[in-house]
There are 4 protein chains.
Amino acid sequence: MTRGSQTREQIEAKALQLFVEQGVAETSVRDIAQAVGIADGALYRHFASKDALVGHLFKANYIRFAEELDRLQAAAPDCHAKLAAMVGGFCRFFDADPVLFRFLLFVQHGQLAKIGAEVSTPVDIVRNVLEAAMTRGEITRRDPALATAWVFGIVLQTATAAVYGRLSPKLTPLRDEIVGAAWRALAGTAIDRA
Amino acid sequence: MTRGSQTREQIEAKALQLFVEQGVAETSVRDIAQAVGIADGALYRHFASKDALVGHLFKANYIRFAEELDRLQAAAPDCHAKLAAMVGGFCRFFDADPVLFRFLLFVQHGQLAKIGAEVSTPVDIVRNVLEAAMTRGEITRRDPALATAWVFGIVLQTATAAVYGRLSPKLTPLRDEIVGAAWRALAGTAIDRA
Amino acid sequence: MTRGSQTREQIEAKALQLFVEQGVAETSVRDIAQAVGIADGALYRHFASKDALVGHLFKANYIRFAEELDRLQAAAPDCHAKLAAMVGGFCRFFDADPVLFRFLLFVQHGQLAKIGAEVSTPVDIVRNVLEAAMTRGEITRRDPALATAWVFGIVLQTATAAVYGRLSPKLTPLRDEIVGAAWRALAGTAIDRA
Amino acid sequence: MTRGSQTREQIEAKALQLFVEQGVAETSVRDIAQAVGIADGALYRHFASKDALVGHLFKANYIRFAEELDRLQAAAPDCHAKLAAMVGGFCRFFDADPVLFRFLLFVQHGQLAKIGAEVSTPVDIVRNVLEAAMTRGEITRRDPALATAWVFGIVLQTATAAVYGRLSPKLTPLRDEIVGAAWRALAGTAIDRA
DNA sequence: GATGAATGAGAATTCATTCAT
DNA sequence: GATGAATGAATTCTCATTCAT
């Protein structure tokens, strides 16, 4: 690995951390440069602009995570297994790189809008899984967007609680509980009690 | 109504809108002043600083909403009814003032940290309801933070989908469905698979 | 005394105090208005501008003090008596209204330049006394500007020490000592040692 | 000398000049930047703030001058010689860099308050010399603050007269006269009248 | 590749002053 | 006479970006 690519990686790592800690707008190029230990201008050898850095950080990782989700989902036989695989993917991602997870899932400052409609996002993957399961009758038929929102909500809000220390810092031990909650939410008739 | 208080209300309304549309950091005092149709400096007769404006917008409304939630919850007899009442509160709030809802629940960005621990937030209200229900055996006993996260996740992510047009723009028609999902998620092993 | 002239006097008093405490540039019209307990704009009923207020405060009082000095000087028979009378005038002024004294003698923010050359200032009065005394052979003949500087220096720096608490807060008890110092400084041949 | 340090020196020089000519509060960062021929923001690469610039200009030079005074005083055998050496130091400083002299001795405006009590100022040096001389019986015993005020008053007011063109622009030729005046002022009742 | 001074366009904020009420 | 909202220019400072070295 060359000196240059080492610097680039450090920029990415420190930028990610600062973006998550303080927000993107609140983090200056100088903040990043100082964290890395380089001069302000040096950052522009590696990224055309601050926006380009943010975009790169988001786009590449977001799509990669979507692909990982898709791979996990594809390898599972039925809806419940697919759901469990995907939730497990979320949990492992959170535990492995919480900073990146938070950047992608919470800090996305309008970056989502810049992603073309043709690219699959994690939301698309989950939605596709659920939609197919409805078609196959595996889960209650309802608006796929609604079902997707519930799964995402359960996962992301659990992650949020973990971030704020209201829960254990690791998500993987909670995987089965999360899957259970999501599965139950998806089950049931459209409107039921008891 | 005096000229001054009209201006103040306009500032609040336009600021809220711009904060939600572009983010707080991305909205300049000039943006707000121009939207209202006054000079930059005039804003400072009504709010001591941009921060004070953000804080005012957040604090007053956040607490008021929490109190509303608490009132709704208190008037309901059991956990399911309390949950339904609170979810209904969320839905009505979203439908009545989506801009304010989004500002409070999505844009906050650190304002929460400035609120003293002694003040009850919506999270506290929901959590207290769930914790009490667990004590009374109305719902499965588990980490209250986890249960709270699920309810919040289901509600907020549904709202998010509505914001992005993936769902109908009104939440109230979905209230019973949302309550159902939350209730099932909390239900524990009852509807669990296997 | 009418309501209006009471307000005007309060403005003068509070402005003087603030100018001395914080400096003229550092004191805003609003600071003054708040200290008086009136609205910002009300000040302009009494003074055309902040500059006009500063100018009025300075000019009127400065000239009045110069006239007082002149009166004191004229009533004394010889140089030493005139000096004693004038130093006594400085001391009494300082003790009676230290705020005004400080404003006139220390805070003069370029106000001196705005006073026409035809008006007599305290500096002129002292200088005239010393020049005449040299002519009459009462004190050593030397550059009158130099002699004036010494007398002023001794008086003002003593006042400064009093302001900063390095000396008793009242100057009058020190009058004879100050006169003695000034008189000795003026005496002596142009260059002498003991 | 690098480009950067050249700019920094120019900023210091021009700022000093403007501060003395117009006052600190009346001099904007833009004024300084324009005088130097750089953009406003460029100044902040060299000084963290306008305040920091003022503080740097004051503190470093004030202390340096105090040290010079102390060196001069220490090298002289008795009070009169010490006084002559210190007054000579004042005169040479004034003649060598009248702008800096005026900034330090006349424009300070609250900078003195920011200097810790542990640092020796010119006032302390003079006062210590006079206090020691009183102990040794070289000059009349009186409140050291009073004696210090007189010496300072004579020197500074002479400098003021020079600044305003009422005296020759150079102070050094007047040194012996100034020393004489100060010495006589301190002399006590010896030359006193009657 | 790296440095860091410089730019220029804003950012938030202050403030003397005006004016409708 | 008084109020206080509004103005508009100015102030300090920040920051993404450029560029000579």
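Just so it is clear, the structure is predicted and the values come from calculations on it, not from any experiment.
- Put simply, CD on Gln22(B) is 11 Å from P on dA11(E), counting in whole angstrom units.
- One can place CZ of Arg8(C) at 12 Å from P of dA2(F), the figure rounded to the nearest angstrom.
- In this structure, Glu9(B) places its CD atom 14 Å from P of dA5(F), rounding to the nearest Å.
- Residues forming a salt bridge (charged side-chain N to carboxylate O under 4.0 Å, His left out) with Arg30(C) (at least two apart in sequence, or on another chain): Asp40(C).
- In this view, Ala52(C) and Ala48(C), Ser49(C) satisfy the side chain to side chain contact (heavy atoms under 4.5 Å, CB included) rule, not counting sequence neighbours.
- By the side-chain hydrogen bond (donor to acceptor under 3.5 Å, both in side chains) test, Arg45(C) pairs with no residue at all, sequence neighbours left out.
- Of the residues near DNA chain E, Thr7(D) and Ser28(B), the one whose nearest nucleotide (by heavy atom distance) lies more toward the 5' end is Thr7(D).
- With a 4.5 Å cut-off on side-chain heavy atoms, Arg8(A) and Phe47(A) count as touching.
- Gln34(A) pairs by the side-chain hydrogen bond (donor to acceptor under 3.5 Å, both in side chains) definition with nothing, not counting sequence neighbours.
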- Message: Evaluate Gln6(D) against Gln10(D) for side chain to side chain donor-acceptor pair (under 3.5 Å), listing each step before the verdict.
- Response: CA-CA 6 Å; Gln6(D) 268 179 37; Gln10(D) 272 198 62; 5.3 Å; no

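- Between Asp31(D) and Arg30(C), the residue whose closest nucleotide on DNA chain F is further toward the 5' end is Arg30(C).
- Straight-line distance from the CD1 atom of Ile11(D) to the C1' atom of dT12(F): 15 Å, rounded to whole Å.
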- Applying the Watson-Crick and G-U criteria (both distances under 3.5 angstrom) with [ ] for crossing and | for other-strand pairs, one obtains for DNA chain F .||||||||||||||||||||

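- Under the side-chain hydrogen bond (donor to acceptor under 3.5 Å, both in side chains) criterion, Thr121(A) pairs with Asp124(A), sequence neighbours left out.
- Spacing between atom CD of Glu26(B) and atom P of dC15(F) amounts to 13 Å, rounded to whole angstrom units.
- Atom pair Phe19(A):CZ and dA16(F):C1' shows a separation of 12 Å (rounding to whole Å applied).
- Within a heavy-atom distance below 4.0 Å of DNA chain E, the residues of residues 45-52 of chain B found are Ser49(B), Lys50(B).
- His56(A) and Glu12(A) are linked by a side-chain donor-acceptor pair at a separation below 3.5 angstrom, with hydrogens and angles left out of the test.
- Judged as a ring-ring contact (aromatic ring centres under 6.0 Å, His included), and not counting sequence neighbours, the contacts of Phe101(D) are Phe93(D), Phe94(D).
- Within residues 32-42 of chain D, the residues that have a heavy atom under 4.0 Å from DNA chain E are, in order of number, Ile38(D), Ala39(D), Gly41(D), Ala42(D).
- By the salt bridge (charged side-chain N to carboxylate O under 4.0 Å, His left out) test, Asp51(D) is found to be paired with Lys114(D), residues two or more places apart in sequence or in another chain being considered.
- Among the nucleotides dA12(E), dA16(E), dT18(F), the one closest to any side-chain atom of Tyr44(A) is dT18(F).
- Mapping Thr27(A) and Thr27(D) onto DNA chain F by nearest heavy atom places Thr27(D) closer to the 5' end of the strand.
- Look at the P atom in both dG1(E) and dT21(F): the space between them is 23 Å, to the nearest Å.
- By the side-chain hydrogen bond (donor to acceptor under 3.5 Å, both in side chains) test, Asp31(C) pairs with Ser28(C), sequence neighbours left out.
- In this entry the distance linking CG of Leu43(D) with P of dG8(E) reads 16 Å, nearest Å.
- With sequence neighbours excluded, no residue satisfies ring-ring contact (aromatic ring centres under 6.0 Å, His included) with Tyr44(B).
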